[in-house]
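Single-structure report; data block below.
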Amino acid sequence: MTDQPFVPDGTSLQEDTSRAAGRVVRRPILEALLVAMKEPWTIVCLTVLGGFVLVAAFAPLIAGDPMAINPALRLKPPSPDAWWGRDHLGRDVFSRAVFGTRISLIIGFSVAVIAVIPGVTLGVLAGLTKIGGTIVMRIVDAMMAIPAVLLAIALAALLQPGLTTVIIAISIPEIPRMVRLVRSVVLSIREQPYVDAAISVGTGGLPLVFRHVLPNTVAPVIVQATYAAASAIIAAAILSFLGVGTPPDVPSWGGMMADARKYFQFYPSLMAYPGVLLSLLVLVTNVLGDRLSDVLDPRKSTRRL
């Protein structure tokens with residue numbers, strides 16, 4: 001037998017507190033996500049985003065070799081064998097755009113995941129500990145003092161060119177943003193009554209973090225992850241446009257626009273196709289993030305697109 005108090009239904013007060021917190025936090029998030037899935041704008045965004053995912057997944061079946069060069073067909077207009085025409089090296093623009101979709105989605109998803117894992121860990125540490133939080137936030141402030149694009153360019157230039165390098169270079173500037181967000185959420189959670197109740201019955205350390213702190217960070221982290229993915233897609237296009245992103249043998253939207261800038265006056269479609277795809281993907285990702293922010297944050301529940 002223990003001296004731990006019990007509530008009338010026979011469960012310990014500590015267990016009842018944890019379950020109550022779970023009902024307060026987890027269920028509203030799931031219910032809010034289900035509500036968001038039924039809204040027209042969310043459906044449209046998910047449909048378009050799903051289309052991009054399908055195109056990326058089945059790129060080899062949809063398009064031909066994006067690197068096949070045919071100088072005899074350079075700058076040819078659209079035709080049955082090249083729906084969007086050919087570039088200055090005779091490569092199929094449609095094929096390059098399709099495979100560029102795969103690169104953009106890989107970068108966006110990877111950066112979002114990489115930003116979440118250390119960002120949440122360091123953010124929780126900074127919000128729950130004084131000394132550790134001070135050290136972490138000073139490092140974060142120093143990193144955020146450097147423009148994200150410049151930091152990514154510097155890292156991409158220092159490391160060996162490749163897709164992995166681009167992902168790492170873009171992820172590092174995104175981590176401080178996630179840390180600051182999670183820390184602010186954790187500081188707010190610390191003042192909540194259910195946290196005081198959990199501490200009063202002996203819950204502390206990792207049990208407190210996993211039962212009461214982390215579940216309450218899920219909503220803002222999901223929203224921030226969508227913004228991080230959209231930002232990463234833009235940053236990847238910028239790096240490729242400047243020539244420090246993915247290597248030339250990897251088709252990317254930014255690289256396509258960089259190649260097309262010399263011919264923009266006479267062949268604007270070469271830059272228009274990847275530019276429109278880039279804008280559309282970033283738009284639906286940001287709109288989806290806004291909708292999730294609206295439904296997951298009660299203070300924004302009255303805002304609608």
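All values below were derived from every heavy atom in this structure, side-chain atoms included, with hydrogens, water molecules and symmetry-related copies excluded.
Note on ring orientation: taking the six-membered ring where Trp is involved, the planes of W84 and F94 are perpendicular (angle over 60°, cut-offs 30° and 60°).
Qualifying salt bridge (Lys or Arg N to Asp or Glu O under 4.0 Å) partners for D65, counting only residues two or more places apart in sequence or in other chains: none. Scanning for side chain to side chain donor-acceptor pair (under 3.5 Å) contacts around R177 gives E174, with sequence neighbours left out.
Between the side chain of W253 and the main chain of A97, a donor-acceptor pair closer than 3.5 Å is present. Of the possible polar contacts, one joining the S252 side chain to the G255 backbone as a donor-acceptor pair under 3.5 Å is found. Not one N or O on the side chain of S95 forms a donor-acceptor pair closer than 3.5 Å with the backbone of A63. One N or O on the side chain of T129 and one on the backbone of L125 form a donor-acceptor pair closer than 3.5 Å. For S110 (side chain) and I107 (main-chain N/O), no donor-acceptor pair under 3.5 Å exists by modelled atom type.
The only member of V120, L181, V124 that meets side-chain contact (heavy atoms from CB on, under 4.5 Å) when paired with V186 is V124. When the options V276, V48, L49 are evaluated for a side-chain contact (heavy atoms from CB on, under 4.5 Å) with L281, the one that passes is L49.
Counting only residues at least two apart or on different chains, the side-chain hydrogen bond (donor to acceptor under 3.5 Å, both in side chains) pairs with a member in residues 68-79 are S79-D81.
For R102, the CZ atom is densely surrounded, since the number of other residues' heavy atoms within 6.0 Å is greater than 12. More than 12 heavy atoms of other residues, nucleotides or ligands lie within 6.0 Å of OH in Y263, so this atom counts as buried by the packing criterion.
Rounding to the nearest 0.5 angstrom, the gap separating the CZ atom in R291 from the CG atom in N286 is 13.5 Å. Here CZ of R91 is found 11.5 Å from CZ of R86. Values are rounded to the nearest 0.5 Å. Note: R261 CZ to L270 CG = 14.0 Å, rounded to the nearest 0.5 Å. For the atom pair L163 CG and I168 CD1, the distance stands at 10.0 Å (nearest 0.5 Å).
With a 4.5 Å cut-off on side-chain heavy atoms, D259 and R96 count as touching.
Nearest heavy-atom pair, P176 versus M143, reported as atom, atom and distance to 0.1 Å: CG-CE, 3.7 Å.
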